[in-house]
Amino acid sequence: MDTLDEAIDFRLLNDFQRDFPLCSAPFAELASRLGVAEGVVLRALEGLRRQGKIARVGAIFAPKRIGVSTLAAMAVPADQLAAIAEVVNRFPEVNHNYEREHRYNLWFVATAGSEGRLQAALGAIEQVAGWPVLKLPLLEEYHIDLGFALDGQGERVGSVRVRSQQFTAPTPLDEFERRLVMALQEGLPLFIRPFSVLASRVGCDESEVLERIRRWCAEGIIKRFGVVVRHHELGYTANAMLVHDIPDASVSAIGERLACESGVNLCYRRPRVPPTWRYNLFCMIHGQARAEVEARIAELRARLQLTDYAHAVLFSLTRFKQRGARYA
């Protein structure tokens with residue numbers, strides 16, 4: 001790969017995790033911004049997809065706006081972990097599944113179109129796996145958006161508004177919206193008129209697809225539309241979940257402060273589940289080396305005066321499954 005190709009790849013990965021053009025010919029618009037031909041952009045994105053550096057180009061839906069989800073964990077004997085992980089992976093509701101360093105060593109995210117379907121899936125996982133599932137649904141969001149710069153500085157891509165957000169029942173989808181969500185789950189097709197292709201799948205006009213996507217972005221139902229990168233393949237192989245036990249009266253204020261910090265890619269409140277799980281404030285920190293992430297955690301805890309609160313650091317060890325959520 002020559003220097004120009006590398007520069008184009010970097011710009012596509014770094015600059016367009018957000019700010020993706022929602023127009024009839026978005027890849028031509030990207031090409032215009034990059035000063036290259038549209039075919040160059042399409043070939044570059046296809047190459048990045050084949051290399052596993054991007055999962056897709058498309059929508060990241062905000063949690064609990066069109067469906068329901070939960071983080072879940074199981075404490076599994078080490079000699080059974082791979083087999084149990086494979087059982088969990090078979091459920092279409094499961095989109096992420098990781099081994100982490102803790103007694104609770106298998107962590108997965110399950111998503112569904114309704115609470116009933118989600119609970120049925122979790123019950124089936126528990127029955128088939130043979131181990132109880134720790135359920136940790138999202139209670140309050142401070143920052144959930146994995147877009148970040150790839151220049152080694154750990155800064156986020158684009159402007160970020162950090163605020164506490166609690167949740168109400170998800171918005172019911174009509175039939176058109178349900179079909180559009182299903183089409184968007186797979187990402188944009190890498191064709192000249194990708195929204196026209198989506199429209200043919202949904203059974204409507206291209207203008208209707210673009211109008212609804214723009215509306216969902218404006219309403220916050222779609223949190224981000226753009227290139228969805230895969231961090232491990234881009235060198236961010238040190239992935240730690242930092243959890244704290246924070247008094248309920250203080251957790252929102254501390255969560256909002258923590259969410260403002262560079263390098264913190266996710267920050268949210270989840271329930272304690274006594275006596276097995278004592279932590280209620282979660283954040284994710286990604287880095288290129290374990291020592292780098294450990295140093296960042298120590299610095300954050302000291303500077304934000306969190307050292308008096310019980311905490312745990314759960315580094316990921318094995319990625320068993322990672323794909324976009326399936327809501328419909």
Side-chain angles (χ1 to χ4, degrees), residues 52 55 61 63-64 66-141 144 146 167 170 182 185-186 230-232 237-245 266 268-286 290 310-328:
F61 286 96
K64 295 192 174 183
I66 63 168
V68 292
S69 63
T70 190
L71 179 66
M74 288 191 289
V76 178
D79 61 349
Q80 299 180 33
L81 184 63
I84 297 299
E86 179 58 33
V87 168
V88 173
N89 285 352
R90 294 185 191 132
F91 285 81
E93 292 83 3
V94 172
N95 49 288
H96 285 197
N97 191 12
Y98 283 82
E99 177 190 6
R100 294 193 178 278
E101 294 177 341
H102 193 267
R103 182 176 73 85
Y104 281 103
N105 54 352
L106 189 65
W107 290 79
F108 59 95
V109 176
T111 303
S114 68
E115 186 65 32
R117 179 178 163 191
L118 177 64
Q119 294 306 320
L122 292 171
I125 289 171
E126 197 168 58
Q127 183 175 20
V128 174
W131 298 95
V133 173
L134 178 69
K135 302 170 187 175
L136 299 166
L138 187 64
L139 298 180
E140 196 171 16
E141 170 191 347
I144 299 181
L146 284 176
F167 299 98
M182 291 181 67
Q185 286 174 165
E186 305 303 324
R230 293 169 64 91
H231 303 87
H232 192 277
T237 56
N239 168 341
M241 184 170 73
L242 171 64
V243 294
H244 284 91
D245 180 8
L266 306 170
Y268 37 68
R269 179 168 67 93
R270 296 185 184 275
R272 300 181 185 87
V273 184
T276 57
W277 184 258
R278 66 183 298 185
Y279 306 106
N280 62 339
L281 181 61
F282 292 62
C283 74
M284 295 298 306
I285 299 175
H286 295 74
R290 183 182 180 116
H311 80 293
V313 180
L314 289 72
F315 274 94
S316 66
L317 298 177
T318 306
R319 181 179 58 185
F320 293 114
K321 187 175 185 180
Q322 181 187 14
R323 64 159 175 76
R326 299 293 191 265
Y327 293 96

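- From S69, atom OG reaches atom NE2 of H96 across 11.0 Å, with rounding to the nearest 0.5 Å.
- One finds the CG atom of L139 at 11.5 Å from the CG atom of L281 (value rounded to the nearest 0.5 Å).
- Looking only at side-chain heavy atoms (C-beta outward), Q80 and W131 come within less than 4.5 Å of each other.
- The shortest distance between side-chain heavy atoms of N89 and F108 does not fall below 4.5 Å.
- Of all heavy-atom pairs spanning A110 and L122, the tightest one is CB-CD2, 4.2 Å.
- Aromatic ring orientation, Y268 versus F282: tilted (interplanar angle from 30° to 60°).
- Using a 4.5 Å heavy-atom cutoff, the side chains of R270 and N280 are not in contact.
- Side chains of M284 and N239 form a contact here, defined as non-hydrogen atoms less than 4.5 Å apart.
- Within the 4.5 Å cutoff, side-chain heavy atoms of Y104 are placed close to those of T276.
- Sorted by first and then second residue, the pairs that involve residues 92-102 and meet salt bridge (Lys or Arg N to Asp or Glu O under 4.0 Å), not counting sequence neighbours, are E93-R117, E101-R290.
- Note that CG of L266 and CG of L242 are 12.0 Å apart. Values are rounded to the nearest 0.5 Å.
- Between the side chain of R230 and the main chain of G52, a donor-acceptor pair closer than 3.5 Å is present.
- Side-chain contact between V94 and K321 is present, with heavy atoms from C-beta onward closer than 4.5 Å.
- Of the possible donor and acceptor atoms, none in the side chain of K135 sits under 3.5 Å from a partner among the backbone N and O of A72.
- The aromatic rings of W277 and Y279 sit perpendicular to each other, their planes meeting at more than 60°, with 30° as the lower class boundary.
- Atom CG of residue L317 and atom CG of residue L106 lie 11.5 Å apart, to the nearest 0.5 angstrom.
- Between A240 and V313, the shortest heavy-atom distance links the atoms CB-CG1, 4.0 Å.
- Rounding to the nearest 0.5 Å gives a distance of 9.0 Å between CZ of R269 and CG of L138.
- In this structure, the separation between NE2 on H244 and CZ on R278 is 11.5 Å, given to the nearest 0.5 Å.
- Looking at heavy atoms from C-beta onward, V88 lies out of side-chain contact with V128 at the 4.5 angstrom threshold.
- For the pair L118/T111, no side-chain contact is recorded, criterion being any heavy-atom separation below 4.5 Å from C-beta on.
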